[in-house]
Amino acid sequence: MDILKILALTGADAFEIIAAVLIIVLTGIALFFLYRNVAFEIKEIRRRNEALDEDEELSDDSEEGVRKLITDESDVESKGLLSTIGRAINRAPEGSMGALYSINLDNFKEIVDRYEQKTVDKVIKEIEKKLLKHCAKKCITGHLEEDIFLYYYYDTIDSEHMTSISNLILELIKEPLKSIDETLTASVGLAVYPYDGINIRQLYKNADIAVLAAKKEGKNRFKMFSDDLMNSEKLNLDYYQEIKKSIKNDEFLLYYQAIVDIKTGRIIGLESLLRWNHPKMGILPPARFLNVMELTGDISWFGTWGFEKIVAQYKDWTQKIKLRDLFISTNLSNTQLQEPGLPEKFLKITKKYGLSSEKFCLEIIDYYRLLNNRMAMYNLSEFRKYGFRIAIDDPGPNYEVIQDMPDIIAGLFKVRMGNVYKLHDKDPESDQISAVIKNAKENSKVVIAEGIETEEMVQTLYDNGVRFMQGYFFNKPQPVFEIEKLLLKPNWNMSTFNHITNK
């Protein structure tokens with residue numbers, strides 16, 4: 001019906017027709033919006049049900065659930081990976097098996113510290129792509145968080161097959177990267193469904209315990225979870241996770257202790273000492289955390305991170321204070337010394353800040369345990385070649401250092417606190433300790449006594465030919481701002497110890 005015919009009708013008829021058309025149009029619009037709202041509600045219900053399914057898969061009545069193991073619980077991608085693996089486990093046919101590999105990149109904090117975040121993200125994506133490329137049909141893999149990836153295989157598997165996958169993962173991680181000119185390695189932990197866990201929470205937690213064991217054995221390897229590991233590593237795992245979180249939160253700092261020349265009253269050096277600024281327990285000494293980091297191998301990261309902090313601090317002090325011939329020393333553990341390329345890393349750091357390597361001294365712990373380690377001894381010789389000062393404090397189990405002193409490349413010999421006490425208390429071994437000091441001086445070594453706590457100890461060590469000392473008698477290890485005050489105005493001067501040195 002066209003408009004002319006409508007107009008030809010009576011007014012009442014035209015009104016009824018127009019009203020009917022309007023009713024039809026309005027009804028259509030109402031039905032459209034009703035349909036859209038219903039569709040939206042159905043979609044929301046489905047979304048909520050899926051979310052509830054995920055929460056059910058990940059839930060744990062205790063507070064030790066999988067999401068406790070994720071640093072950022074808002075990370076949807078990470079949660080999605082765990083959920084996907086969780087669903088695969090829940091749908092597994094009776095009698096089937098699955099292998100969950102937790103892949104933890106070794107020393108990745110060094111990469112994070114050295115490169116911009118966008119480059120770090122590229123590295124993560126590149127590794128994830130490698131894993132996806134080699135992921136079989138019945139396989140789930142991806143990046144979980146920070147330096148952790150997961151790889152879950154749930155086809156027919158046996159011991160040989162699981163080992164083969166582990167080796168494949170290790171080789172994939174070691175392959176050259178396109179994003180950076182670095183070689184990475186990983187520690188891999190393996191937990192088997194259903195023997196090591198019947199849900200994703202149990203499997204992931206046990207795979208993480210196996211990762212810790214792999215790190216303790218030297219990294220770049222895989223370890224299969226077992227009940228023995230549960231008993232030996234469980235207590236360490238929670239503490240290790242706490243330490244890893246503290247690294248991310250930048251809770252570690254350096255304190256310094258002065259090394260004093262008692263003849264001149266001058267500070268000739270500082271020893272750097274690592275501290276953990278724990279959010280609840282306050283400032284913690286190395287004894288509270290270094291053993292765990294040593295066991296897992298993460299002590300290597302501490303060494304490089306700490307050394308750069310020291311060099312940066314030295315540079316800052318040169319712009320504020322006249323330092324003269326001051327050096328800063330730092331401890332290197334046996335694990336650190338066995339790291340290939342470590343001398344080059346340290347040299348690169350000193351050059352970055354425009355400082356001479358001779359401004360820094362590396363203190364070697366347990367020297368006699370390193371003599372048969374080719375990499376450690378090679379690194380020591382490289383450090384000396386690059387101009388770093390080297391100090392040892394190990395006289396050997398039978399004081400072999402007395403005979404070996406001419407062949408030791410270290411230019412400094414430190415008398416340990418324990419030997420200082422033996423010397424001061426006239427212990428039966430005090431004669432041998434005196435002989436070590438005498439021999440070191442005859443071979444042009446600088447001798448420094450540690451752990452000096454009283455004026456009587458100062459006198460004893462000086463009587464034995466030692467003029468360089470450190471310990472609580474001079475100052476306790478202190479933070480940067482306190483050390484700056486000490487460098488500007490020491491608590492002693494040239495005449496402070498005259499009554500000792502002029503006897």
Side-chain angles (χ1 to χ4, degrees), residues 69-72 75 77-78 81 101-132 141-151 166 169-189 204 207-223 237 239-252 274 289-290 292-309 333 335-336 338-342 344-346 348-349:
L69 299 173
I70 302 176
T71 304
D72 182 2
D75 188 341
E77 184 180 347
S78 297
L81 177 60
Y101 298 85
S102 179
I103 306 161
N104 196 167
L105 300 179
D106 297 328
N107 302 327
F108 194 65
K109 189 66 169 64
E110 292 183 18
I111 303 297
V112 173
D113 289 344
R114 205 176 305 145
Y115 295 94
E116 295 180 355
Q117 186 57 48
K118 63 181 182 180
T119 304
V120 174
D121 292 340
K122 285 181 182 178
V123 172
I124 293 293
K125 286 294 182 187
E126 189 175 346
I127 293 172
E128 189 174 37
K129 283 181 181 178
K130 285 183 182 182
L131 293 170
L132 284 166
T141 191
H143 177 228
L144 181 65
E145 50 135 358
E146 295 179 341
D147 57 352
I148 301 173
F149 299 79
L150 296 181
Y151 188 104
S166 300
I169 291 171
L170 291 173
E171 290 303 315
L172 285 176
I173 301 298
K174 284 194 292 186
E175 284 180 355
L177 294 164
K178 295 178 182 177
S179 20
I180 56 173
D181 185 20
E182 304 275 357
T183 300
L184 296 179
T185 61
S187 298
V188 180
Y204 179 64
D208 219 23
I209 289 173
V211 167
L212 185 64
K215 284 181 173 291
K216 285 176 65 171
E217 290 189 5
K219 300 185 177 182
N220 188 28
R221 65 196 64 212
F222 84 93
K223 192 78 176 177
L237 180 62
Y239 197 50
Y240 176 57
Q241 294 292 349
E242 188 177 356
I243 290 174
K244 285 192 74 174
K245 184 178 178 181
S246 71
I247 293 172
K248 180 182 178 182
N249 294 341
D250 199 21
E251 293 171 5
F252 288 92
L274 192 63
F289 57 87
L290 279 189
V292 176
M293 305 315 289
E294 182 76 43
L295 288 172
T296 60
D298 284 341
I299 190 71
S300 295
W301 170 80
F302 271 110
T304 306
W305 170 88
F307 184 69
E308 180 149 7
K309 287 277 188 181
S333 71
T335 303
Q336 290 171 274
Q338 294 173 48
E339 182 184 340
L342 187 66
E344 288 78 12
K345 282 184 183 179
F346 277 31
K348 188 181 291 186
I349 291 170

Inset, instruction - Report yes or no: does Glu128 contribute a side-chain atom to a donor-acceptor pair with the main-chain N or O of Gly142 at less than 3.5 Å? - result: no
Legend entry - Test item: side-chain donor near acceptor, Ser333 and Gln336, under 3.5 Å: yes
Inset, instruction - Verify whether one side chain among Ser187 and Asn104 offers a donor that lies under 3.5 Å from an acceptor in the other. - result: no
Inset, instruction - Might you confirm whether atom CG of Asn249 has over 12 heavy atoms from other residues, nucleotides or ligands at distances under 6.0 Å? - result: yes
Legend entry - Greater than 12 external heavy atoms within 6.0 Å of Gln117's CD: yes
Taking [X] first and then [Y], would you say they form a salt bridge - that is, a charged N and a carboxylate O separated by under 4.0 Å?
X	Y	value
Glu217	Lys223	yes
Asp147	Lys109	no
Lys129	Glu126	no

Legend entry - Test log, rule side-chain contact (heavy atoms from CB on, under 4.5 Å), inputs Arg114 and Glu182: CA-CA 11 Å; Arg114 205 176 305 145; Glu182 304 275 357; 2.5 Å; yes
If you look at every heavy atom in [X] and [Y], which pair is closest and at what distance?
X	Y	value
Val120	Val112	CG2-CA, 3.9 Å
Gly189	Ala210	CA-CB, 3.6 Å
Lys174	Thr183	O-CG2, 3.7 Å

Legend entry - Full working for side-chain contact (heavy atoms from CB on, under 4.5 Å) between Val123 and Phe108: CA-CA 10 Å; Val123 172; Phe108 194 65; 4.0 Å; yes
